Amino acid sequence: MKFGYFDDQNKEYVIKTPKTPLPWINYLGNKEFFSLISNTGGGYTFYKDAKLMRITRYRYNDVPADCNGKYFYIKDNDVIWNPGWQPVKESLDSYECHHGMGYSKFLSKKNGVETSLLTFVPLDDACEISSLTLKNNTEEKKELQVFSYLEWCLWNADDDMKNFQRNLSIGEVEIKGSAIYHKTEYRERRNHYAVYAVNAQIDGFDTDRDAFLGEYRSMENPEVVQKGKSSNSVASGWSPIASHQLNVTLNPGEEKRYIFVLGYIENQEEDKWESKGVINKKRAELLLDKYYSDAAVDEAFQELKQYWGKLLAKFNVQTKNEKLNRMVNIWHQYQCMVTFNMSRSASYYESGIGRGMGFRDSCQDLMGFVHLIPERARELIIDIASTQFKDGSAYHQYQPLTKKGNADIGSGFNDDPLWLIAAVSAYVRETGDVSILDEMVPFDNEIGTEVTLMEHLKRSFDFTVNHKGPHGLPLIGRADWNDCLNLNCFSAHPGESFQTFGPSEGPVAESVFIAGMFVKYGKEYGDLCKLIGQDDEVKRTDYEVEKVYKAVLESGWDGEWFLRAYDANGDKVGSHVCEEGKIYIEPQGFCTMANIGVKEGLAEKALSSVEHCLDTKYGIRILAPAYTTYHLELGEVSSYPPGYKENSGIFCHNNPWISIAETVLGHGKRAFDVYQKTCPAYVEEFSEVHRTEPYVYSQMIAGSDAIRFGEAKNSWLTGTAAWTFINASQYILGVYPTLNGLSVNPCIPLEFGDFTVTRNYRGQVYNIQVHNPGGVEKGVKKLIVDGIEVEGTIIPFEENKEEYHIDVWLGKE
Ligand code: BGC
Ligand code: IFM
């Protein structure tokens, strides 16, 4: 069952009912000012950092769900409704929510009034614009009252939810004309404030929540709206809000449009800071003036659309498979932008006050994003590398506003260092910009400790070299990619969180997954060394990589698949000798991607074991059989009920690893089958089972042991976004950036047909036509670049060329 449809022409998903199984959201904003917005108008706004600079308040764990947003109430005599249905929930005569690239649009009809509400964040300003158009479709004159509503968050969203003894006394606002200023904390910090304004003369306002709602009422039935009259309340402490009243008279057929602007303003040094907490409104007024007219707003919206049009044109594929085209050309890349911006900080499942930017997460996110805006990927690499320690380990997370490592979480996830190599390699392969390797980057953000980024990569590499266990495999530390595989926590104190066991950390638990990573990214580090002429280092990397390769063959192979790990007792994890958790997905994917055991025939076996032991109709499970009891020696992985999360859930993130691994072995059909199983456009058909948004990936789908098998959770912020785009674009379609240029080597099902790819690479346009006359799964028989046949699969890079025309002929030798 579907709740909407894809409109590929407009790059939108159109939701046809407000009653989706869960809130289906979108992200507004591309760089610093962001909003989350649901299909019923819920959500919240922040500047740079969802924890420290929260502009509007959201209510967690609330009933009904998805409560608080930027709402508009329309009152037509006794009938009151919202264009997005919530919070009044008055049934609408028609409703559509269009989630597009950086904007959402609500189209609805009620009582003969047609409304169109477009909301977006313009490209270069810290504000959100809501353009509300009301049209009278009746023969009678309409006298409407329209009320806007949002609730301010007292900036630090964490404190805002806890520190009531202070918070209830600090709220301050100022009203000037149609502009409502939120200036809480201005007295103290004097450096920022927010404003909510409308480009019309208002007929009233409210800034005190209780006055607006009335006693013991909720947003569902505000007293002010029911009365049709604002109370002109001025908040003093308690809960400040911003609400405007507009009395709107519409003659038959008449239409009126209002522009609401929610802005964030940061004072600059030269701004005059006055005493008594009076804010300097100059910058706010400039901003509000800028978006006062309809024409200015239309222009800003067109710019946003053009921006996305240009960005997405950087990778465009045309196959006969409409769903694949849609996902690769639009939604995969869009989700990559969102994960790049958010890491794992703010979604409807990440509160924005817990995790900030993840070292591991952001490194992977940028691998799927780097072709879109390489300069931003470059900046992020430097930020991430600056949180590394001298021994190569790193803070697991950092706060986006301060860019400082999070000391509460600390370090100890032993896969982290290697992800930095993966990210830098992806950046240099994409851009050819080796100058980044010479950038001076500090350790732990400490001035005076700067070394080159290349030296950071060396420390990353050496972290694994210097942290190996009894089998010569990398030590896992607190966990590796699988945060819940806590193999050293056997002596954690009861009640302590799984990952905060510090002193009891055992020395011996080893990870075959990290071994796979080391072989893959160790080689990529070696390639970078070679590129810049560090020949001795190349030899050293070859030697170290070979050692770990051998260690995997000797101690990391279980007979039918790759072992997952050794625990702190030296016992095997993910082995046929285990009663539960006999096989894990991660090493099968990563070792094969690293080419371990490919020539020995082991990878082939491992992937067929994945198909037999882990696959389900909704995707591949992370492990099987699920753990049915808690194991102290395994940690959080066994804490989840069978079928959920890391305990045998279908973790979407590592499904593409298997798909990529299948392409390494040349299995085009299987690679594509794996891709399709979890891919949103293919899953859309059974949205009532899957339940999360059908245009983006979720972190996890409940596995076959769960009662709600097939139900997804934690949509949007998942490494699946980057990996699935990498899989589809670089391995299935086969357009892979190497250090020496773009390579084309697809791996597709026999009946896939010919296809074209347009790829912007290093500032040049590559028009690639792939022909598969004999219907093979993999194998480039002939590569013709601008009429000239070229050896191999790499298109020679030519400086000063603008466009290439490439014909790739697949076939048997
Ligand atoms: C979650 C895991 C997650 C980890 C991150 C755990 O509490 O259950 O899914 O990966 O935290 O640190
Ligand atoms: O790898 C992690 C990621 O960093 C956060 N979400 C869960 C994944 C698997 O545990």
Side-chain angles (χ1 to χ4, degrees), residues 335 338-340 342-352 354-368 384 387 393-398 405-406 409-420 422-423 476-487 489 497-499 511 513-514 516-517 521 564-565 573-574 581 584-587 589-590 619-623 626-627 634-640 644-658 678 692 696-703 712-724 726:
Q335 192 174 3
V338 171
T339 56
F340 178 86
M342 298 290 138
S343 199
R344 302 296 166 272
S345 67
S347 74
Y348 264 36
Y349 309 91
E350 301 281 7
S351 65
R355 289 174 215 204
M357 309 293 283
F359 190 99
R360 158 204 304 144
D361 299 318
S362 286
C363 282
Q364 289 171 86
D365 296 341
L366 82 78
M367 291 162 70
I384 295 173
T387 66
S393 66
Y395 281 112
H396 193 51
Q397 283 163 29
Y398 69 95
N406 181 337
I409 310 268
S411 64
F413 295 82
N414 285 358
D415 62 317
D416 272 339
L418 293 171
W419 290 116
L420 183 65
I476 196 168
R478 289 164 68 174
D480 59 21
W481 172 88
N482 188 333
D483 276 319
C484 303
L485 200 58
N486 314 131
L487 303 181
C489 75
S497 114
F498 302 99
Q499 290 151 7
S511 161
F513 169 77
I514 302 184
M517 273 190 88
Y521 297 125
R564 179 62 174 86
V573 179
Y584 279 65
I585 197 173
E586 304 97 312
F590 239 84
I620 306 172
R621 291 172 292 166
I622 193 169
L623 64 84
Y627 295 106
L634 300 175
E636 186 175 357
V637 68
S638 57
S639 74
Y640 288 109
Y644 284 104
K645 296 276 290 180
E646 282 87 341
N647 187 13
S648 202
I650 297 159
F651 229 83
C652 296
H653 190 142
N654 29 43
N655 275 244
W657 295 348
I658 296 300
T678 54
T692 50
V696 291
Y697 283 90
S698 296
Q699 181 201 52
M700 189 236 14
I701 300 167
K713 289 212 180 84
N714 305 350
S715 56
W716 281 98
L717 302 186
T718 161
T720 319
W723 277 106
T724 212
I726 292 169

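This structure is a prediction, so every number in the text was calculated from the model and none was measured. Counting starts at 1 for both ligands and their atoms, following the listed order.
- Polar contact check, Asp361 against ligand 2: a nitrogen or oxygen pair lies under 3.5 Å apart.
- Ligand 2 lies out of reach of Glu636, whose nearest heavy atom is not under 4.0 Å from it.
- Within ligand 2, the atoms closer than 4.0 Å to a non-hydrogen atom of Asn482 are 10 (O), numbered from 1 in the order shown.
- Under the 6.0 Å cut-off for aromatic ring centres, Trp481 and Phe651 qualify, their centroids lying closer than that.
- Here is the list of ligand 2 atoms found below 4.0 Å of a heavy atom in Gln699: 6 (N), 7 (C).
- Set against the non-hydrogen atoms of Phe651, the atoms of ligand 2 under 4.0 Å away are 7 (C), 8 (C), 9 (C).
- The residues Arg360 and Asp480 are annotated as not salt-bridged, no charged nitrogen and carboxylate oxygen being separated by less than 4.0 angstrom.
- When only interatomic distances are considered, the shortest N/O to N/O separation between His396 and ligand 2 does not fall below 3.5 Å.
- Taking any N or O of Arg344, backbone or side chain, none lies under 3.5 Å from an N or O belonging to ligand 2.
- Once rounded to the nearest 0.5 Å, the distance linking CD of Glu350 with CD of Gln699 reads 7.5 Å.
- Note: Glu636 CD to Glu646 CD = 6.5 Å, rounded to the nearest 0.5 Å.
- Although no hydrogens or angles enter the test, the distance criterion places no donor-acceptor pair under 3.5 Å between the side chain of Glu586 and the main chain of Asn482.
- Contact atoms of ligand 2 toward Arg360: 1 (O), 2 (C), 3 (C), 4 (O) (distance under 4.0 Å to a heavy atom of the residue).
- Of all the atoms in ligand 2, the ones that sit under 4.0 Å from a non-hydrogen atom of Arg355 are 5 (C).
- No close placement of the Phe413 and Trp419 rings is indicated, their centers lying 6.0 Å or farther apart.
- Atom CG of Asp415 and atom OH of Tyr521 lie 11.0 Å apart (nearest 0.5 Å).
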